[in-house]
Amino acid sequence: MMRQYELVERVKSYDPAADEEALNRAYVFSMKAHGNQQRASGDSYFSHPVEVAGILSEKKLDSASIVTGLLHDTVEDTVATMADIEGQFGGEVARLVDGVTKLSQLDLVSDRSMQAENFRKLVLAMSQDIRVLIVKLADRLHNMRTLNFIRSADKRRRIARETMDIYVPLAERIGIRDWKEELEDLAFAELNPDARSSILSRLDFLRKRGGDIVGRVLEELRGTFERNGVKADVSGREKRPPSIWRKMQRNNVGFEQLSDIMAFRVLVDTEEECYRALGVIHSNYRVVPGRFKDYISLPKPNGYRSLHTSVMGPFKERIEVQIRTWEMHDVAELGVAAHWQHKQGIPTDKRTEGMQYRWLRELLEILDHAGGAEEFLEHTKLEMYADQVFCFTPKGELQALPAGSTAVDFAYAVHTDIGNTCVGAKVNGRIVPLRTELRNGDQVEIITSKAQTPSPTWESFVVTGKARACIRRFVRGQQRREYTQLGREIVEKVFREEGYEFTLKAIEGVVKNFHCRTPDDLFAEVGEGNSTGTEVLHAVFPGSKKRGWRERMALRPRRKGKKRPVAIKGLTPGMAVHIAGCCHPIPGDRIVGIQTTGKGVTIHTIDCETLESFTDMPERWVDLAWDVEDEEARLHNARIKVIVANEPGSLGVLSTVVGREGGNISNLKIMDRSADFFEMLIDIEVGDIKQLTDIIAALRATSVINSVERAHV
Ligand code: MN
């Protein structure tokens, strides 16, 4: 185990300005916190954070990262708290330790290999500061180096699988190639011990037979290019066991056939030289059939361009050769970044690609050179997945959602049926409102009930398109059913009142006139207020007079043998009378008449706002009162404005309440429809103000109805 002064000296050797005092304090703090805890190896637990700090110092990281390495397990595994860390080491270190702790808590989640890509994103999203990820990788590297001490084979395999799926690609993406390769080798050794030892002994055998075969092939290839006048930079190496294994699996080759264990890269200046270099290779060495790939004329989807071929090399061993220009080589490295961007859905734009590439480049350079590292790392935030949030189902499956997603979005992401029947949600075991915004790493359990249907109010807070579309589709269908029922009632009533027989067959015959396909479509139109029952009647029986409610009101007394259209005291006989369309007065309302030349008298309620425009013309005012004795079995149209909750069933409740109080809805118009409420105007036929007041009171007592008032429009 590295001693305190060794660690400090190592850090100071590349960063003379390092916070020596903080390093010393962190060393002691961690040692005391871990006390005599032990690792599986029997070593003191404290050796682990010290090794992690040592690994980090090899990458010449800033002192905050090294301190974080020393402290990274104290909050998770000892009595030390975040507050202790913040108090003793400040906000920056506290933030970093907190980040690593959160990532470590993810390790506890069950099998994740199926969703590796999402987990990698989750780790990135939660890292925020690149140093968090680097410390986590160093932690994982040391744990992998000591994996063999863990007794449970299942646990070893799980950790190795996770390393292969999550941490190897992450190390590759941030460009720490040697960590990537070591992690991969260690995981491979655990997951495929037999394959690995076979490959290693084969490599050994080949090496013994051929000596430094890579070096010799390299020399030979360089000479061949020179003789043929191609200026090329050639490099080569032995492939590592995991990549040899992948190749064996991909190409389904048996072990005895395994001979292409060397890979060479040829870099030239121009595209034309790529093909000339290829010609040199193919004319000097025997080509292995079926292995040539031209990714220059047919680039890979991620933009990768290169020529790949395999030949029998100068020493009769298969070698793999990749030929590309320096520029293509840059893009090949950029492939990592391009992939990154692709996953974020950022359009492939050369300029942003370049920027992303530079970001990685700079990171690598800074990891190599101490100067300015602190400042750079300080400002390097991992914002790659800041626009997404990653949550788990109770089974540990991961859902990637847009930032701001709520429990309802999550429910719909899992399954449409879950969304449609969700009644509640538990986040990390606690019941929360459905509108609760989810955070990275939340475990979300959706509570469902078959009796539940989507609420239109959900639409105001969901953020995913899927949830929105499902809610709309459902609510739309629900509303249509209500409109259909309401419309049918209206049409039937108009037919009944006007003395015509209502049959569906008759309605079917006229649906086309209304641009509808079925009677239900037409009823929905009427229910929604786009057509009226009278229009339907008129279409079915063109002989019937098409009348509005005012005319019918005026007509009805005549049918019943009354002398005057409206029973009102104070009118000059023979005077024409109109009921004002603004205030819809009904018996019981205090009323006043306004005389209009050539038009007779218009009746308003005494509080109607229209009257204000007549205040200067007292000569036109007529004192009137309802003739109550004369009022028998006569219906009057009242208009009310109702605000109803926009939820399933509310329109049905509305029509039921009105009907129960003996009112008839003769017309209905929706003025405004928001996510939460409908505002509508309803004409109701009532006998008098008492009946209307009863209806209004009954409506006000109904929970789905927000407000009711007489309309003055
Ligand atoms: Mn650890």
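One-based numbering, in listed order, for ligands and for the atoms of each. Keep in mind that the numbers below use all heavy atoms, side chains included, and drop hydrogens, waters and symmetry copies.
Counting only protein N, O or S atoms, the number found under 2.8 Å from the Mn ion (ligand 1) is 4.
Heavy-atom contacts from other residues, nucleotides or ligands closer than 6.0 Å to CG of Asp204 number more than 12.
Under 3.5 Å, the side chains of His48 and Asp139 contain a donor-acceptor pair of N or O atoms.
Of all the heavy atoms in Val79 and Asp84, the pair that sits closest is O-OD2, 4.4 Å.
For Tyr27 and Phe46, the ring centers are positioned less than 6.0 Å apart.
By the 4.0 Å N-to-carboxylate-O rule, Lys239 lies close enough to Glu320 to be salt-bridged with it. In this structure, Glu6 does not pair ionically with Arg10, as no charged nitrogen and carboxylate oxygen lie closer than 4.0 Å.
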